[in-house]
Amino acid sequence: MMNNYRIERVVLDDLERLIPLFDEYRVFYGAASDREGARAFLADRLKLNESVILMVVEGKGDEKRARGFTQLYPSFSSVTMERLWILNDLFVTAEIRGQGLGAMLLESARDYAVSTNTKGLSLTTMTENVGAQRLYETHGYIRDDEFFTYNLFF
């Protein structure tokens, strides 16, 4: 089954394939569906080179479908004076979860981070998302018990 799937880096031509999946991801986290907003947001990230989006696809040509994605944002560590990537989004469509596609995306994100000579990857997840926590820990991510996260949202 895994042979049917591959990872591709998203370019603007892939946007229409990604929008429904990105919208599903946002709805999963409690946001209202907004495909036009998703289109504008993702187009801006890609046009401005503000993120790297990797997607799991199956099929070719007109039959190509996005089945999962991860979005990485660049950041930096002042202490180590190195670039790092924030793994901000990771999502696999509900009907095919449990088939290893999340693991494929994590490995691809890792490979990308290594290929860009960065310090590593950082991510956050909801405390209730135990399944995701297990996946991350299986892939070597270590939960930070040393620092607290604070937010100031407007």
Notebook entry, point to check: Does Ile96 share a hydrophobic cluster with Phe22, counting links as ILVMFWY side-chain heavy atoms below 4.5 Å and allowing steps through other members?
Noted result: no
Check your understanding: Should we count CG of Asn151 as having more than 12 external heavy atoms under 6.0 Å?
Key -> yes
Discussion item. If you define the side chain from C-beta out and look only at heavy atoms, does anything of Arg6 sit under 4.5 Å from Lys64?
Written reply: yes
Worksheet entry | Side chain to side chain, Leu54 and Val10, heavy atoms closer than 4.5 Å | no
Value for CG (Leu90) from CD (Gln71), rounded to nearest 0.5 Å, stands at 11.5 Å
Is Arg65 salt-bridged to Glu63, going by a charged N under 4.0 Å from an acidic O? no
Ser33 and Asp23 have their tightest heavy-atom pair at OG-OD2, 2.6 Å
Discussion item. Assigning hydrophobic clusters by single linkage (Ile, Leu, Val, Met, Phe, Trp, Tyr; side-chain heavy-atom cutoff under 4.5 Å), is Val57 placed with Leu42?
Written reply: yes
Taking every heavy atom of Ala132 against every heavy atom of Thr125, the minimum-distance pair comes out as CB-OG1, 4.0 Å
Is Arg26 positioned over the aromatic face of Tyr29, cation under 6.0 angstrom from the ring centre and no more than 45 degrees off axis? no
Residues Asp145, Arg143: salt bridge by 4.0 Å N-O rule: yes
Separation between CD (Glu50) and CG (Leu48), nearest 0.5 Å, reads 4.5 Å
Distance col, row Tyr73:OH vs Leu84:CG, nearest 0.5 angstrom, shows 15.0 Å
**Request:** Kindly indicate, with the supporting measurements, whether the criterion side-chain contact (heavy atoms from CB on, under 4.5 Å) is fulfilled by Ile53 and Arg9.
**Result:** CA-CA 6 Å; Ile53 307 170; Arg9 183 169 175 180; over 6 Å; no
OG1 (Thr149) and CZ (Phe147) are apart, to the nearest 0.5 Å, by 10.0 Å
| query | Are Val130 and Tyr136 grouped together when hydrophobic residues (ILVMFWY) are joined by side-chain heavy atoms under 4.5 angstrom apart? | reply | no
Strictly distance-based, threshold 3.5 Å: is any side-chain N or O of Thr70 a donor or acceptor partner for the main-chain N or O of Asp89? yes
Between Gly102 and Val92, the two heavy atoms sitting closest are N-CG2, 3.7 Å
Would Leu72 and Leu121 count as a side-chain contact (heavy atoms from CB on, under 4.5 Å) if you check the C-alpha gap in whole Å, the side-chain angles of each, and the deciding distance to 0.1 Å?
-> CA-CA 9 Å; Leu72 308 174; Leu121 292 156; 4.0 Å; yes
Practice prompt. Give the cluster check for Tyr112 versus Leu135: same hydrophobic cluster or not, with ILVMFWY residues linked at side-chain heavy-atom distances below 4.5 Å.
Written response: yes
Should the pair Glu95-Arg67 be classified as a salt bridge under the 4.0 Å nitrogen-to-oxygen rule?
yes
Exercise. Is there side-chain contact between Val56 and Leu105, with at least one heavy-atom pair below 4.5 Å?
Worked result: yes
Arg39/Glu36 salt bridge by N-O under 4.0 Å criterion: yes
Q: Could you give me the CA-CA distance, side-chain angles and deciding distance for Tyr141 and Leu87, then say whether side-chain contact (heavy atoms from CB on, under 4.5 Å) is met?
A: CA-CA 11 Å; Tyr141 287 77; Leu87 194 155; 3.7 Å; yes
* Any side-chain donor-acceptor pair under 3.5 Å between Thr93 and Glu24? -> yes
Practice problem: Test side-chain contact (heavy atoms from CB on, under 4.5 Å) on Met104 and Ile7 and set out the steps. | Solution: CA-CA 8 Å; Met104 265 179 83; Ile7 301 287; 3.8 Å; yes
d(Ser75 OG, Ile86 CD1) to nearest 0.5 Å is 4.0 Å
message: For the backbone of Pro74 and the side chain of Arg83, can you confirm whether one donor and one acceptor N or O come within less than 3.5 Å of each other?
response: no
So CZ of Arg110 and CH2 of Trp85: to nearest 0.5 Å the spacing works out to 16.0 Å
If you count heavy atoms of other groups shown closer than 6.0 angstrom to CE of Met126, is the number above 12? yes
Please verify the inter-ring angle class for Tyr25 with Phe69; under 30° counts as parallel, over 60° as perpendicular, anything in between as tilted. perpendicular
Exercise. Should Leu123 and Phe91 be counted in the same cluster of Ile, Leu, Val, Met, Phe, Trp and Tyr side chains packed under 4.5 Å apart?
Worked result: no
Exercise. Before accepting this row, confirm whether a basic side-chain N of the pair Asp14/Arg17 lies closer than 4.0 Å to the acidic partner's carboxylate O.
Key: yes
